[in-house]
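Everything quoted here is computed from the prediction, not taken from an experiment.
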Protein chains: 2
Amino acid sequence: MSVEPYQIRVLAVDDHPIVRQGIASLVGIQTDMVLVGEASNGRDAVQQFRNLMPDVTLLDLRMPEMTGLDALIAIRKDIPNARIIVLTTYAGDMQILRALKAGAQAYLLKNTLHTDLMQTIRAVHAGRKALSPEATYEIAEHATDDVLSPAEVLVLRLIAAGNANKDIADSLSIAEETVKSRVKSILSKLGANDRTHAAMIGLKRGIIEL
Amino acid sequence: MSVEPYQIRVLAVDDHPIVRQGIASLVGIQTDMVLVGEASNGRDAVQQFRNLMPDVTLLDLRMPEMTGLDALIAIRKDIPNARIIVLTTYAGDMQILRALKAGAQAYLLKNTLHTDLMQTIRAVHAGRKALSPEATYEIAEHATDDVLSPAEVLVLRLIAAGNANKDIADSLSIAEETVKSRVKSILSKLGANDRTHAAMIGLKRGIIEL
DNA sequence: GAACGCAAAACCCGAATGGGGGTTTTCGCG
DNA sequence: CGCGAAAACCCCCATTCGGGTTTTGCGTTC
């Protein structure tokens with residue numbers, strides 16, 4: 001039995017055991033990779049990364065305890081050249097952009113084929129970057145759109161929670177009229193008919209979470 | 001090498017190759033099960049079920065081409081005693097209830113542990129039923145709630161799409177006043193502050209889809 | 001320190017919303 | 001066939017929403 005001299009050391013982070021099992025099984029088949037660890041939430045992911053120093057990390061975004069995005073940020077703060085592939089179900093353009101800005105080398109959807117996933121691991125390990133077609137499309141789709149300001153995102157979140165402008169004003173300690181101008185701006189930037197539409201678009205695009 | 005005389009024949013349906021790989025790998029380890037087929041959408045699932053007649057089917061709900069729920073209904077129409085385990089990410093009570101009404105024997109979330117999943121396959125094959133704790137909780141949580149009528153669900157969908165009452169009236173060919181009374185009823189049944197809140201609750205509870 | 005840019009705040013106002021009633025019509029089911 | 005429950009339609013009315021416009025205030029830049 002020959003031992004591979006150079007193997008890519010992979011860390012898998014996902015809150016679904018079945019997905020981790022799938023990754024483990026796929027990586028196990030490859031002769032040039034080895035799975036060195038698993039984590040089921042963001043906190044564990046950061047911990048595991050520190051301990052294991054993997055070459056490539058597969059990271060889901062939606063997780064309990066600590067978001068994949070927060071884990072990504074924490075890891076890259078520790079080790080700025082960490083190689084991380086975001087592997088998730090969801091493709092809102094804002095979600096993708098934030099992950100890339102936080103230093104992800106690749107963004108793949110879970111409907112990616114086995115072979116593409118393995119190729120991406122090798123590519124990222126070699127220092128290249130990758131985006132799934134859907135991710136590319138989503139970003140291109142909204143490339144020319146105005147981006148919501150942090151203040152506007154706050155208002156949008158409160159809108160989605162079912163608050164009236166007055167309530168939003170109170171909980172943000174600003175004038176109701178200010179809220180109204182922000183709402184107007186949100187509707188215009190998102191191309192929404194009304195606040196309900198805006199909330200749904202915000203969800204679809206990964207600007208707010210359910 | 002001994003051949004197991006009685007193996008549970010399993011069909012895996014999920015649009016994520018990685019998840020199917022995980023199931024394949026887990027089922028492969030068990031001596032009393034064998035994976036006989038896979039499908040990546042609802043249409044294929046129905047097809048595969050007819051061809052293979054598996055003992056137990058693992059079925060995701062969110063899939064392209066044809067919903068898992070529709071596939072479930074189609075399969076149970078063909079073979080009324082088909083044993084199907086819904087294995088999905090999402091736990092809105094309405095989604096769960098519809099799956100159970102359509103004849104699913106079990107409803108598991110993907111964060112289920114390996115061992116629990118395997119046990120559930122055996123249990124369902126033996127004719128028993130199973131619900132994940134989260135599913136049970138969701139159902140109990142809303143057990144006493146009034147259920148939206150089909151007409152109300154239609155209106156809620158159009159609300160979420162950003163339509164005004166007048167537009168909803170037009171596209172459903174009913175009077176605006178009718179729409180208004182349905183909206184009132186929806187808000188009351190869901191305990192929502194306004195239509196936006198209602199749309200978000202509808203999403204959370206699996207009454208409408210994004 | 002003048003000019004600029006921009007978020008916050010203010011005002012107006014017509015239209016949409018949602019909370020109260022209510023009546024008629026339809027339909028499923030015993 | 002009739003009963004009861006939905007669904008559909010209707011009216012009133014206070015409030016909220018969303019569009020347009022303007023003013024204030026504050027920091028930046030030149």
Side-chain angles (χ1 to χ4, degrees), chain A residues 94 98 142 144-205 207-208, chain B residues 73 93-94 97-98 101-102 142-205 207-208:
Chain A
M94 273 304 144
R98 277 186 294 192
H142 301 286
T144 62
D145 293 14
D146 285 331
V147 175
L148 293 200
S149 73
E152 287 165 349
V153 174
L154 278 183
V155 171
L156 186 56
R157 266 207 200 94
L158 291 170
I159 285 176
N163 292 289
N165 289 341
K166 180 79 184 78
D167 301 326
I168 297 174
D170 289 349
S171 72
L172 293 182
S173 302
I174 54 180
E176 185 182 348
E177 286 303 324
T178 308
V179 175
K180 291 180 86 175
S181 15
R182 285 191 193 168
V183 171
K184 288 174 202 173
S185 172
I186 291 170
L187 296 183
S188 148
K189 285 182 179 178
L190 296 184
N193 298 333
D194 57 32
R195 49 175 55 218
T196 306
H197 199 192
M200 303 300 282
I201 293 173
L203 275 183
K204 277 206 193 92
R205 295 192 44 192
I207 300 168
I208 59 172
Chain B
I73 293 169
D93 63 308
M94 273 304 144
L97 284 177
R98 276 184 296 192
K101 276 200 188 111
H142 300 287
T144 62
D145 293 14
D146 284 331
V147 174
L148 294 201
S149 72
E152 287 164 350
V153 174
L154 279 182
V155 171
L156 185 57
R157 266 206 200 94
L158 291 170
I159 286 177
N163 291 289
N165 290 341
K166 180 80 184 75
D167 301 327
I168 297 174
D170 288 350
S171 72
L172 293 183
S173 302
I174 54 180
E176 186 182 347
E177 284 303 324
T178 308
V179 175
K180 291 179 81 176
S181 31
R182 284 192 193 171
V183 172
K184 286 178 212 172
S185 171
I186 291 170
L187 295 183
S188 148
K189 285 182 178 178
L190 296 183
N193 297 334
D194 56 33
R195 51 175 55 218
T196 306
H197 199 191
M200 304 300 283
I201 293 173
L203 275 183
K204 279 207 194 90
R205 295 193 44 191
I207 299 170
I208 59 173

B:K180 near the nucleic acid: base, sugar-phosphate alone, or nothing, with a heavy-atom cut-off under 4.0 Å? base
It should be established whether A:S181 places a side-chain nitrogen or oxygen under 4.0 Å from OP1 or OP2 of nucleotide C:dA8. no
Is there, by distance only and without an angle test, a donor paired with an acceptor across the side chain of B:E176 and the base of D:dC9 below 3.5 Å? no
Return the value, rounded to whole Å, for the distance between atom CD1 of B:I174 and atom C1' of C:dT26. 15 Å
Can you tell me the distance, in whole Å, between the CD atom of A:E177 and the C1' atom of C:dA8? 10 Å
For the CG atom of A:L154 and the CZ atom of A:R182, what is their distance to the nearest 0.5 Å? 7.5 Å
Could you state the atom-to-atom distance from CD1 of B:I168 to C1' of D:dA7 in whole Å? 16 Å
Interatomic distance where CG belongs to B:D146 and C1' belongs to D:dA6 [whole Å]: 13 Å
Beyond-backbone contact of B:I168 with B:V183, side-chain heavy atoms, under 4.5 angstrom: no
Scanning both residues in full, the closest heavy-atom pair of A:G162 with B:D194 reads O-OD2, 3.5 Å
Tell me the interatomic distance from A:R195, atom CZ, to C:dG18, atom P, rounded to whole angstroms. 10 Å
In whole angstrom, give the distance that lies between atom CG of A:L187 and atom C1' of C:dA16. 14 Å
Decide yes or no, distance alone: a donor-acceptor N/O pair under 3.5 angstrom between the base of D:dG19 and the side-chain of A:K184. yes
Report the distance from atom CG of A:N193 to atom P of C:dT17, rounded to the nearest whole Å. 11 Å
Check every atom of C:dG18, D:dC10, D:dC17 against the side chain of B:A175 and return the nucleotide holding the closest atom. D:dC10
Could you please name the option among D:dT16, C:dA9, D:dC9 that lies closest to any side-chain atom of B:T178? D:dC9
Counting any heavy atom closer than 4.0 Å, what does B:S149 reach on the DNA or RNA strands: base, sugar-phosphate only, or nothing? sugar-phosphate
Between A:K166 and B:K189, which residue's closest nucleotide on DNA chain D lies nearer the 5′ terminus? B:K189
Which heavy atom in A:E152 sits nearest to a heavy atom in A:S185, and how many Å separate them? OE2-OG, 2.6 Å
Report yes if a side-chain nitrogen or oxygen of A:R182 is closer than 4.0 Å to either non-bridging phosphate oxygen (OP1 or OP2) of C:dA7; otherwise report no. no
Roughly, in whole Å, what's the span from CG in B:L148 to P in D:dA6? 13 Å
Check: B:L158 main-chain N/O paired with B:N163 side-chain donor or acceptor under 3.5 Å: yes
Give a yes/no answer on whether the side chain of B:N165 brings an N or O atom under 4.0 Å of OP1 or OP2 in C:dT17. yes
